[in-house]
Colleague: 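The structure that follows is given in the form of structure tokens.
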Amino acid sequence: MNPLRPAILAAAGSSRLRRAVTRVPVSAGVARRFVAGETRAELVAAVRNLLGYGRMVSVDFLGENTTERAMADNAVTEYLALIDDLALLAPTRGDRSADPVRPVEVSVKLSALGQALGAAGPAIATANLRTLCLRAAEAGVWITVDAEDHTTTDATLAAVYELHREFPWLAVAVQTYLRRAETECRELGARGIRIRLCKGAYREPEDVAYHRHAEVDSSYLRCLDVLMRGAGYPMVATHDPEMIAAAQRMAVDNACGPGDFEFQMLYGIRTAEQRRLVETGHAVRVYVPYGSQWYSYLMRRLAERPANLGFFLRALAER
Ligand code: FDA
């Protein structure tokens, strides 16, 4: 593991550091490598570009740890407008149910929809997610629910199980650093729920999460095996060449064609590899974040890779 990872992830939760970093204009410049922009207009331009190069998108309006009802309401309003804008960029043709995969999707954090607003929080977030699902169903846009820290996993899965009955295309992310990941994959997969498989980006205690790289990777491979053998639609969210190669091998072994699973990567990361996968006939979706609340997202990207941190520190030094 990157030895600085715990410290950077701790910094992600510091409001003092958040204020200091976001006040420095160059930080916003660095964030632009990983974030499509602060406004929906900037986001739309980035999405148009990605769709033009054959990549699909999942768009995240940045914001998490909502502490007031008004913030959750604001997130819902923005997501509704976002869904409408995305629908215009990739209109579905004819009978939507015939489309195996939608090119435009949104990613949603339930914490942004109010999950942490006290005892009523999970119900508020689920109701807000349902509002988004109703609009998304009309617009022909799909939704994936992001996975956040482990204290939210049960509430998030409960919301997905509840709404999946009404919206069968609703997907959820599973983090393979969690010791429970393989069980989650089996349970979600058995219900035919679309699963985005990622390694996990939060600071978690060792009793719930693997800390060693090798253990997280081996959990990823076990989960991928479950998903590739199952009837669902695996979404292989990783930049790791070993995981990508393993997914390609398992796809061949299980006779999965390019339309039976997709690769997913984050905006601004391994762009050449995204293009290469598209050119070799794979479905590739890019997770595209936008909005002014980019601090925590940027910190998680810096924690993942020392080279990203170097890039950030060099940019600060060159001011
Ligand atoms: P990892 O970080 O272990 O790196 C393995 C190898 O991949 C590296 O050795 C290198 O070869 C290559 N690599 C990685 N990053 C690179 C880079 N920047 N440039 C070049 N090579 C690089 N997390 C979460 O907790 N909840 C969620 O909902 C999501 N959602 C999500 C969606 C999508 C589409 C993606 C791609 C990722 C997420 N994540 C996430 C983040 C995820 O959990 C994880 O933190 C990052 O993807 C980093 O893990 P990797 O699998 O990429 O490999």
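What's counted below: heavy atoms across the whole structure, side chains too, no hydrogens, waters or symmetry copies. The structure presented is a predicted model; accordingly, all values stated were derived computationally and were not measured. All ligand and atom numbering here is 1-based and tracks the order in the structure.
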Colleague: Is Glu148 in polar range of ligand 1, meaning some N or O pair under 3.5 Å apart?
Modeller: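 N/O-N/O distance below 3.5 Å does not exist for this pair.
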Colleague: Would Arg180 and Asp154 satisfy salt bridge (Lys or Arg N to Asp or Glu O under 4.0 Å), going step by step from the backbone distance to the final call?
Modeller: CA-CA 11 Å; Arg180 61 189 279 181; Asp154 285 333; 2.9 Å; yes
Colleague: Just say parallel, tilted or perpendicular for the rings of Trp169 and Trp142, cut-offs at 30° and 60°.
Modeller: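 Ring orientation of Trp169 relative to Trp142: parallel.
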Colleague: So, the side chain of Arg179 versus the backbone of Glu206: is there a donor-acceptor pair under 3.5 Å, distance only?
Modeller: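 Yes, because the side chain of Arg179 sits within donor-acceptor range (under 3.5 Å) of the backbone of Glu206.
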Colleague: Numbering the atoms of ligand 1 from 1, which are under 4.0 Å from a heavy atom of Tyr287?
Modeller: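 That gives atoms 32 (C), 34 (C) of ligand 1.
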Colleague: Does any N or O of ligand 1 fall below 3.5 Å from an N or O anywhere on Gly200, backbone included?
Modeller: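 Yes.
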Colleague: State whether the side chain of Gln264 and the backbone N or O of Arg196 hold a donor-acceptor pair below 3.5 Å, judged by distance alone.
Modeller: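 No, because the side chain of Gln264 does not come within donor-acceptor range (under 3.5 Å) of the backbone of Arg196.
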Colleague: Measure from atom 20 (C) of ligand 1 to every heavy atom in Arg270, Arg300, Arg285 and give the option owning the shortest one.
Modeller: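 Nearest option to atom 20 (C) of ligand 1, by heavy atoms: Arg270.
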Colleague: Got an N/O contact under 3.5 Å between Arg33 and ligand 1?
Modeller: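 So ligand 1 has no N or O lying under 3.5 Å from an N or O of Arg33.
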Colleague: Looking only at protein heavy atoms, which one is nearest to atom 41 (C) of ligand 1, and what is the separation?
Modeller: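 Looking at atom 41 (C) of ligand 1, the protein heavy atom closest to it is Arg301 NH2, 3.8 Å.
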Colleague: For the backbone of Gly257 and the side chain of Asp260, can you confirm whether one donor and one acceptor N or O come within less than 3.5 Å of each other?
Modeller: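 Yes: the side chain of Asp260 pairs with the backbone of Gly257.
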Colleague: Sub-3.5 Å donor-acceptor pair from the side chain of Tyr177 to the main-chain atoms of Tyr202, do we have one?
Modeller: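 Pair found, side chain donor or acceptor close to backbone of Tyr202.
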Colleague: Among all protein heavy atoms, pick the one closest to atom 11 (O) of ligand 1 and tell me residue, atom and distance.
Modeller: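 Protein heavy atom with the smallest distance to atom 11 (O) of ligand 1: Pro241 CD, 3.5 Å.
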Colleague: Quick one: is the NZ or CZ of Arg285 closer than 6.0 Å to the six-membered ring centre of Tyr287, and within 45° of its axis?
Modeller: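 Not satisfied by the 6.0 Å and 45° rule.
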Colleague: Counting both backbone and side chain atoms, is some N or O of Ala147 under 3.5 Å from an N or O of ligand 1?
Modeller: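 Right, the criterion is met.
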Colleague: Which residue from His239, His150, Gln264 reaches closest to atom 47 (O) of ligand 1 through any of its heavy atoms?
Modeller: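 Selected option, by shortest heavy-atom distance: His239.
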Colleague: Compute the shortest N/O to N/O distance between Ala201 and ligand 1 and return yes if it is under 3.5 Å, no if not.
Modeller: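 Min N/O separation from ligand 1 is below 3.5 Å for Ala201.
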Colleague: Compare Glu304, Lys199, Glu262 and give the one whose heavy atom is closest to atom 45 (O) of ligand 1.
Modeller: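 Comparing heavy atoms across Glu304, Lys199, Glu262, the nearest one to atom 45 (O) of ligand 1 lies in Glu304.
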Colleague: I'd like to know if the side chain of Arg270 and the backbone of His239 have a donor-acceptor N/O pair within less than 3.5 Å.
Modeller: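 Yes: the side chain of Arg270 pairs with the backbone of His239.
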Colleague: Does any N or O atom in Asp217 lie less than 3.5 angstrom from one in ligand 1, N or O only?
Modeller: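 By distance alone, the answer is no.
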Colleague: Around Glu215, counting heavy atoms of other residues, nucleotides and ligands shown, do more than 12 lie under 6.0 Å from its CD?
Modeller: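 Atom CD in Glu215 is packed in, count exceeds 12.
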Colleague: Under 3.5 Å between any N/O of Gln175 and any N/O of ligand 1: does that happen in this structure?
Modeller: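 Yes.
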Colleague: Output yes when the distance from some N or O of ligand 1 to some N or O of Arg196 is under 3.5 Å, and no in every other case.
Modeller: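 Arg196 vs ligand 1: N/O contact under 3.5 Å present.
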Colleague: Could you check atom 40 (C) of ligand 1 against the protein and tell me its nearest heavy-atom contact, residue, atom and distance included?
Modeller: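 Result for atom 40 (C) of ligand 1: Cys198 SG, 3.5 Å.
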Colleague: For the 3.5 Å polar cut-off, considering only N or O atoms, please tell me whether Tyr202 and ligand 1 meet it.
Modeller: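 Between Tyr202 and ligand 1, no N or O pair is found under 3.5 Å apart.
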Colleague: To the nearest 0.1 Å, how far is atom 51 (O) of ligand 1 from its closest protein heavy atom, and which atom is that?
Modeller: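 Here the closest protein heavy atom is Thr238 OG1, 2.6 Å.
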Colleague: Is Asp253 salt-bridged to Arg249, going by a charged N under 4.0 Å from an acidic O?
Modeller: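 Salt bridge absent between Asp253 and Arg249.
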Colleague: Which protein non-hydrogen atom lies closest to atom 9 (O) of ligand 1, naming both residue and atom, and how far is it?
Modeller: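 Going by distance alone, atom 9 (O) of ligand 1 is nearest to Arg305 NH1, 4.5 Å.
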Colleague: Please give me the minimum heavy-atom distance between Leu62 and Gly291, naming the atom from each residue.
Modeller: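 Closest approach of Leu62 to Gly291, heavy atoms only: CD1-O, 4.0 Å.
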Colleague: Report the member of Leu266, Val172, Val145 with the shortest heavy-atom distance to atom 33 (C) of ligand 1.
Modeller: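 Comparing heavy atoms across Leu266, Val172, Val145, the nearest one to atom 33 (C) of ligand 1 lies in Leu266.
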